[in-house]
Every structure is written in C-alpha cells, then in structure tokens.
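Notes for the one structure printed next.
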Amino acid sequence: MEDLKINLLENLGIEIEYASQQKTLASILVTDRLKDLSCFLHDGFTSILAETAASISANCLAKKGQIAVGVSVNTNHFMTVKNGLLKAFAEPIAISDTTQLWKVEIFQYPGRKIISTSDVTTILKNK
C-alpha cells in the first residue's frame with residue numbers, strides 16, 4: 001500500500017489499513033492538531049477521512065489512465081470526540097462505469113462507538 005501515500009494522508013497521519021474495490025479501512029489517532037478551538041475533533045476532519053477512504057476504493061476501481069475524484073460529501077455527526085483512534089470503513093452503495101456512491105462509517109476506539117456516517121460520491125476521470 002506504499003503507492004497509496006499522498007501528502008494529505010502523510011500530513012494528517014491517516015493510515016490506510018486495507019484497500020480494495022469493495023472496501024477501504026482508514027485510521028488515525030486523534031491528536032491536538034486535529035482539534036478545534038473547543039478542544040474537540042474538528043467536524044470537517046471526519047469529512048476528510050470519509051472522502052479519503054471512499055476515494056481510495058474508487059481509485060482501486062479505476063482503469064489504467066483514469067483517476068477517481070470526490071464530487072460530493074454528506075456527513076452526519078453523532079458525537080464529539082476528544083481522543084482515541086478513529087477508523088473509517090468505506091463500502092460501495094452503487095457503482096457504475098463513471099460514478100460511484102460510497103457509505104462511510106467512522107468509529108471511535110476503544111469501544112467502537114459510531115461518531116459519523118457519510119455518503120461520498122466519486123467519479124472516474126481520464127488523467
């Protein structure tokens with residue numbers, strides 16, 4: 001999975017634990033650099049994590065000469081987070097030759113508490 005490293009993942013500390021056309025698991029440890037002024041995880045970060053996980057799977061679908069890009073993210077937040085390990089699980093809802101819809105659930109560990117869900121739409125484009 002070394003080829004899956006990109007600047008955003010490295011800068012934020014996102015780890016790709018598993019990636020395929022049907023599922024991606026991405027994780028990150030909550031640190032102070034990810035928190036807002038209230039000392040909670042910035043809600044926008046869960047959208048970044050969700051789109052990252054979905055885009056990784058979408059890129060596994062891409063044919064030679066194509067790249068997958070996110071075009072829409074809808075995230076619902078269920079709880080605030082101060083610490084712990086976050087894991088994002090992305091799975092397809094619908095896949096076509098050009099457009100994909102992914103469901104991403106993000107859990108906080110320990111305890112496996114769901115903190116958010118996202119629907120992410122990606123498209124395949126020629127490079």
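FYI, side chains are in, hydrogens and waters are out, and symmetry mates aren't considered; it's all heavy atoms of this structure. Counting begins at 1 with the first residue of the sequence. Keep in mind the model is a prediction, meaning the values are calculated, not measured.
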Do [X] and [Y] sit in the same hydrophobic cluster, where Ile, Leu, Val, Met, Phe, Trp and Tyr count as joined when their side-chain heavy atoms come under 4.5 Å apart?
{"X": "L9", "Y": "I28", "answer": "yes"}
{"X": "L61", "Y": "L101", "answer": "no"}
{"X": "L124", "Y": "V120", "answer": "no"}
{"X": "V104", "Y": "M79", "answer": "yes"}
{"X": "I16", "Y": "I67", "answer": "no"}

Can a donor-acceptor pair be found between the side chains of T75 and S118 at a distance below 3.5 Å? yes
Can you tell me if E15 and S27 form a side-chain donor-acceptor pair at under 3.5 Å? no
Distance check, rounded to the nearest 0.5 Å: [X] atom [atom1] versus [Y] atom [atom2]?
{"X": "T98", "Y": "K125", "atom1": "OG1", "atom2": "NZ", "answer": "12.5 Å"}
{"X": "T80", "Y": "F40", "atom1": "OG1", "atom2": "CZ", "answer": "4.0 Å"}
{"X": "I123", "Y": "Q66", "atom1": "CD1", "atom2": "CD", "answer": "10.5 Å"}
{"X": "L86", "Y": "L29", "atom1": "CG", "atom2": "CG", "answer": "8.5 Å"}

Whether [X] side chain and [Y] backbone form a donor-acceptor pair below 3.5 Å:
{"X": "E51", "Y": "I48", "result": "no"}
{"X": "E91", "Y": "T24", "result": "no"}
{"X": "K23", "Y": "F89", "result": "no"}
{"X": "S57", "Y": "S20", "result": "yes"}
{"X": "N59", "Y": "A62", "result": "no"}
{"X": "Q21", "Y": "C60", "result": "yes"}
{"X": "R112", "Y": "F107", "result": "no"}

Residue list, side chain to side chain donor-acceptor pair (under 3.5 Å) with S55, at least two apart or on another chain: none
Which residues satisfy the side chain to side chain donor-acceptor pair (under 3.5 Å) test with T122, sequence neighbours excluded? Q100, W102
Side chain to side chain contact (heavy atoms under 4.5 Å, CB included) partner of T46, the single match among T117, V73, I106: I106
Is K87 positioned over the aromatic face of Y109, cation under 6.0 angstrom from the ring centre and no more than 45 degrees off axis? yes
Return the minimal non-hydrogen interatomic distance between A26 and L49, and the atom names on each side. CB-CD1, 4.1 Å
Minimum-distance pair of heavy atoms, taken over all atoms of L41 and D36: O-OD2, 4.3 Å
Take atom NE2 in H42; do more than 12 heavy atoms of anything else shown fall under 6.0 Å from it? no
Counting only heavy atoms not in D97, do more than 12 fall under 6.0 Å of its CG? no
